[in-house]
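A quick write-up on the structure given underneath.
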Amino acid sequence: MADTPKDEKIEPTIEIPTDDVEKAAKLILTTGYVTKRDLPKMDDLAWATALSKAVTKHFLENDDDHDPYVYFEQFDFAGGDIDSILFNMDIVPTREEALQDLADALGEKVVVPKDNDQTTY
């Protein structure tokens, strides 16, 4: 029997307004990051992911003067909150610094793992 193609999940296209892309790009170059404090729609993971792609495209196609290393990450915090940050690794060089910047911007508490003796194989 022949294999039948599986239905591919089609994700809805999320349009990011040009004003939001430009605001995020400016913040990426100045403060080094963008959070939902700057663009409240980043509270939605799908929107934040689409913004990351739009900002990256902006720098690749529309800004010959800047070439930041833009990175998108989600972090979880005490109490179970999960938030997104889009950051410029030329300004915020590590994930740990991005985590702290996000926590500071949103007033969140970073989860600090307890020391343990567990060995991972």
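The first residue in the sequence is number 1, and the count goes up from there.
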Please tell me whether Tyr71 and Leu106 are part of a single hydrophobic cluster in this structure, the criterion being side-chain heavy atoms less than 4.5 Å apart.
yes

Please name the pair of heavy atoms, one in Lys109 and one in Phe77, separated by the smallest distance, quoted to 0.1 Å.
O-CB, 3.4 Å

Value rounded to 0.5 Å, distance of CG in Asp38 from OG1 in Thr31
6.5 Å

Side chain to side chain contact (heavy atoms under 4.5 Å, CB included) against Ala98, all qualifying residues, sequence neighbours excluded
Phe75, Ile85, Phe87, Val92

Identify the heavy atoms of His58 and Val21 that sit nearest to each other, and give their distance.
CB-CG1, 3.7 Å

Does Leu102 reach the side chain of Glu108, with side-chain heavy atoms less than 4.5 Å apart?
no

Distance check, rounded to the nearest 0.5 Å: Met89 atom CE versus Ile28 atom CD1?
11.5 Å

Under the rule for salt bridge (Lys or Arg N to Asp or Glu O under 4.0 Å), what residues qualify as partners of Arg95, not counting sequence neighbours?
Glu73

Chi angles and distances behind the side-chain contact (heavy atoms from CB on, under 4.5 Å) call for Thr35, Tyr33
CA-CA 7 Å; Thr35 71; Tyr33 60 89; 3.8 Å; yes

Starting from the C-alpha separation in whole Å, work towards a yes-or-no answer on side-chain contact (heavy atoms from CB on, under 4.5 Å) for Leu99 and Asp101.
CA-CA 6 Å; Leu99 168 62; Asp101 286 342; over 6 Å; no

Here the gap from Ile16 atom CD1 to Ile14 atom CD1, rounded to the nearest 0.5 Å, amounts to 6.5 Å

How far apart are the closest heavy atoms of Val111 and Ala78, and which atoms are they?
CG2-N, 3.2 Å

Taking only distance into account, with no hydrogens and no angle test, what donor-acceptor pairs under 3.5 Å do side-chain atoms of residues 62-70 form with protein atoms, sequence neighbours excluded?
residue	atom	partner	partner atom	Å
Asp63	OD1	Asp65	N	3.1
Asp63	OD1	His66	N	3.1
Asp63	OD1	His66	ND1	3.1
Asp63	OD2	His66	ND1	3.0

Any idea which heavy atoms bring Ser52 and Leu86 closest together, and the distance?
OG-CD1, 3.5 Å

Does any pair with a residue in residues 40-55 pass salt bridge (charged side-chain N to carboxylate O under 4.0 Å, His left out), and if so which ones, sequence neighbours excluded?
Asp20-Lys41, Lys36-Asp43

Partners meeting side chain to side chain contact (heavy atoms under 4.5 Å, CB included) with Ala48 (sequence neighbours left out)
Met42, Phe72, Ser84

Drop me the distance from Leu45's CG to Gln74's CD, to the nearest 0.5 angstrom.
4.5 Å

Taking the side chain from Lys23 and the backbone from Val34, do they hold a donor-acceptor pair closer than 3.5 Å?
no

What pairs with Asp76 under side-chain hydrogen bond (donor to acceptor under 3.5 Å, both in side chains), at least two apart in sequence or on another chain?
none

Should Leu27 and Phe59 be regarded as members of a common hydrophobic cluster, given that ILVMFWY residues are connected when their side-chain heavy atoms come within less than 4.5 Å of each other, either directly or indirectly?
yes

